[in-house]
Protein chains: 2
Amino acid sequence: MKRKSLDREKCPIARTLDVIGDWWSLLIVRDAFLGKRRFGEFQKSLGLAKNILSRRLRKLVSHGVLEVGAASDGSAYQEYVLTEKGRRLLIVLVALRQWGETCLFEEGELDLLLVDQKSGQPVKPLELRSKDGRILGPDDLRTVGTSD
Amino acid sequence: MKRKSLDREKCPIARTLDVIGDWWSLLIVRDAFLGKRRFGEFQKSLGLAKNILSRRLRKLVSHGVLEVGAASDGSAYQEYVLTEKGRRLLIVLVALRQWGETCLFEEGELDLLLVDQKSGQPVKPLELRSKDGRILGPDDLRTVGTSD
DNA sequence: GCTTGATGGTTTAATAAAGCAACCACATTC
DNA sequence: GAATGTGGTTGCTTTATTAAACCATCAAGC
């Protein structure tokens, strides 16, 4: 399960996957978006072993995706909430979700929909666009070095 | 590494992660987008063990993300290319990439940029929008059941 | 203030997966 | 037809995940 260098990866995708690319982290983040905050909530929702959850939470905190704070309900327990960095993962989750919805589900099988609260309408599928607004596909892209 | 039910997951995110959520699959897909097609190319680029590359490729093929075909250079070897389903993962990769770029890299550390081929300009950051065009954040979303 | 039960973990032992190295069949090159 | 490169597989070791037991702290009842 070990990819080579933890930190010296130059590819942003690889580096991202080192932080949230394992089996559970993104599901933890998903649950965090759904309002879950406490250890037990995550554990119950995900059904993973407690020690693993413990490790994942620590890792996510150490990477600044989650932060621990005093419980909002006044109890002495702590809770895990998304940081700004973590909240920026929303678009990643939505991308995964939309891909799953369109590519992995049969007609009519889908029973939960992500909607805009205000209009009640499903959100718009994500699109990749150029600065000037054209929709881009795989063949319209290139990677270039910045150190030229 | 085992999450409970492989197939009966109802959450699109979880189901997606079952297909491409392991340590290597998305990097394989990334390389496929970059034009890599042959076993050896992936192996050299990623530096992963051959047996697990073999497993990952099989899995991706079995899920319809990649397909095997005769080599384009006329040799008797086979090659792995993205299917339509696989190509739709572009947006996921871009989302991961953009998150990594903004949240995991220091100023000036980034040395490769994803640009629109035509204009040479970096692509636009992904945005989550409602059907009528408003930009949405985490708090603007809700999930609703379709079976009501 | 002592017991009971839930919460939030850690430790330990078993198992499953990833990594490594050797090997092998087949194709191509010389 | 010997050598080399490609595309794997097999078996063994190492590492990660899991499940279960254990434990400290907190909250509630009495």
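Just so we're clear, the structure is a prediction, and the values are computed from it rather than from any experiment. Chain A is the first sequence line, chain B the second, and so forth, proteins listed ahead of strands; every chain is numbered from 1.
- The side-chain hydrogen bond (donor to acceptor under 3.5 Å, both in side chains) test applied to B/Glu101 returns B/Arg97, not counting sequence neighbours.
- Legend: salt bridge (Lys or Arg N to Asp or Glu O under 4.0 Å) pairs involving residues 116-130 of chain B, not counting sequence neighbours, sorted by first then second residue: A/Arg134-B/Asp116, B/Glu127-B/Arg129.
- Rounded to an integer number of Å, the gap from A/Trp23 CH2 to C/dA16 C1' is 12 Å.
- Regarding B/Leu48, its CG atom lies at a distance of 18 Å from the P atom of D/dT15, rounded to whole Å.
- Rounded to whole Å, atom C1' of D/dT17 lies 10 Å from atom CH2 of A/Trp24.
- At whole-Å resolution of the value, CD1 in A/Ile52 and P in C/dT15 are 17 Å apart.
- Here the P atom of nucleotide C/dA17 and the CG atom of B/Leu53 are 18 Å apart, to the nearest Å.
- Between B/Thr143 and A/Leu113 there is no side-chain heavy-atom pair separated by less than 4.5 Å.
- Within the structure, the salt bridge (Lys or Arg N to Asp or Glu O under 4.0 Å) test picks out no pair touching residues 136-145 of chain A (sequence neighbours left out).
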If you look only at distance, which donor and acceptor atoms sit under 3.5 Å apart when one is on a side chain in residues 42-55 of chain A and the other is two or more places apart or in another chain?
{"from": "A/Gln43", "atom 1": "NE2", "to": "A/Leu48", "atom 2": "O", "distance (Å)": "3.2"}
{"from": "A/Ser45", "atom 1": "OG", "to": "A/Asp31", "atom 2": "OD2", "distance (Å)": "2.5"}
{"from": "A/Ser54", "atom 1": "OG", "to": "A/Arg58", "atom 2": "NH1", "distance (Å)": "3.4"}

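- If you measure from atom CZ of B/Arg56 to atom P of C/dA17, you get 10 Å, rounded to the nearest angstrom.
- At whole-Å resolution of the value, CG in A/Leu46 and C1' in D/dT18 are 15 Å apart.
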What is the per-nucleotide protein-contact pattern of nucleotides 2-10 of chain D, from the 5' end, where B denotes a base atom under 4.0 Å from a protein heavy atom, S denotes such proximity for sugar-phosphate atoms only, and - denotes neither? ---BSBBBB
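- Every residue meeting the side-chain hydrogen bond (donor to acceptor under 3.5 Å, both in side chains) condition with B/Arg87, not counting sequence neighbours, appears here in chain and number order: B/Glu84.
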